[in-house]
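The shown structure was predicted, so the numbers you read here are calculated from the model rather than taken from an experiment.
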Amino acid sequence: MPVIRVCESCGTKNRVPASHLADQGRCGSCKATLSPISEPISADHEIFDETIRSVKVPVLVDFWAAWCGPCRMAAPEVAKVAKNMAGRAVVMKVDTEKHPQLAARYKVSGIPNFVVFRDGNVVFQQAGAVGAAQMESWLTAEPVSR
């Protein structure tokens with residue numbers, strides 16, 4: 001399931017496969033540059049699974065809910081991470097009210113809950129609101145070899 005990106009030059013809706021969300025591309029209509037995704041992606045099951053499976057950069061997932069005060073406080077920090085890490089990471093948001101099965105899959109019991117994936121695997125998980133700098137450090141940390 002591709003993510004729809006609107007070209008800033010001509011307004012054309014472009015389908016971008018999950019595997020290319022962190023890449024620079026071209027508009028299918030006017031050939032203008034499409035920058036790597038720089039905002040959090042609202043993820044459903046399909047987008048979540050495809051992105052985790054196919055993207056070549058680390059992925060930060062914010063499990064949240066609209067009624068959660070700390071989640072609302074963390075939202076601008078999550079958006080800042082998506083902008084700062086564009087091309088080097090992908091940021092997704094999963095609404096735990098709409099997608100409780102995804103939250104259950106990763107044993108999310110407190111929100112906001114942040115999970116970092118590399119190569120389809122969970123490498124870090126933490127509940128509680130934190131700042132953008134902390135989230136970015138999770139994404140840039142060297143993987144621990146086992």
> Do I47 and V122 share a hydrophobic cluster, counting only Ile, Leu, Val, Met, Phe, Trp and Tyr and linking them when any side-chain heavy atoms are less than 4.5 Å apart?
Replying inline: yes
Pairs of donor and acceptor atoms involving the side chains of residues 28-37, under 3.5 Å and at least two apart or interchain, shall be tabulated with distances.
residue: K31; atom: NZ; partner: G28; partner atom: O; Å: 3.2
residue: T33; atom: OG1; partner: R26; partner atom: NH1; Å: 3.0

> Going from NZ on K93 to CZ on F114, what distance comes out if it is rounded to the nearest 0.5 angstrom?
Replying inline: 7.0 Å
Which donor-acceptor pairs under 3.5 Å do the side chains of residues 126-138 make with protein atoms, sequence neighbours left out?
residue: Q134; atom: NE2; partner: S137; partner atom: OG; Å: 3.2
residue: E136; atom: OE2; partner: N84; partner atom: ND2; Å: 2.8
residue: S137; atom: OG; partner: Q134; partner atom: O; Å: 2.6

> Of all heavy-atom pairs between I111 and V108, which one has the smallest distance, and what is that distance?
Replying inline: CG2-CG1, 3.7 Å
>> On a heavy-atom basis, which atom in P112 and which in C71 lie closest, and how many Å separate them?
In response: N-SG, 3.5 Å
>> Let me check something: do V59 and V94 share a hydrophobic cluster, defined by ILVMFWY side-chain heavy atoms less than 4.5 Å apart, either directly or through other members?
In response: yes
> Is there side-chain contact between K56 and D23, with at least one heavy-atom pair below 4.5 Å?
Replying inline: no
> Mind checking what makes side chain to side chain contact (heavy atoms under 4.5 Å, CB included) contact with K13, not counting sequence neighbours?
Replying inline: I4, V6
> Between D44 and E46, is there a donor-acceptor pair closer than 3.5 Å when you use the side chain of the first and the backbone of the second?
Replying inline: yes
> Which heavy atom of R88 sits nearest a heavy atom of V57, and at what distance?
Replying inline: O-CB, 3.4 Å
>> Less than 4.5 Å apart, side chain to side chain, heavy atoms only: is that true for L102 and F63?
In response: yes
> Rounded to the nearest 0.5 Å, how far apart are CH2 of W67 and CD of E97?
Replying inline: 6.5 Å
>> Using 0.5 Å steps for rounding, measure from the CG atom of D95 to the CH2 atom of W64.
In response: 4.5 Å
> Looking at CD1 of I52 and CE of M92, how far apart are the two atoms once the value is rounded to the nearest 0.5 Å?
Replying inline: 3.5 Å
>> I need the I41 CD1 to D62 CG distance, nearest 0.5 Å.
In response: 13.0 Å
> Out of curiosity, Q101 CD to F48 CZ, how far, rounded to the nearest 0.5 Å?
Replying inline: 12.0 Å
> Can you name the nearest heavy-atom pair linking A82 to V91, along with the distance?
Replying inline: CA-CG2, 3.7 Å
> So which heavy atom on A86 is nearest to which on S38, and how close?
Replying inline: CB-CB, 3.7 Å
> Where is the tightest heavy-atom contact between R118 and P58, given as atom of each residue plus distance?
Replying inline: NE-CG, 3.9 Å
>> Any salt bridge linking E50 with R53? Criterion: basic side-chain nitrogen under 4.0 Å from a carboxylate oxygen.
In response: no
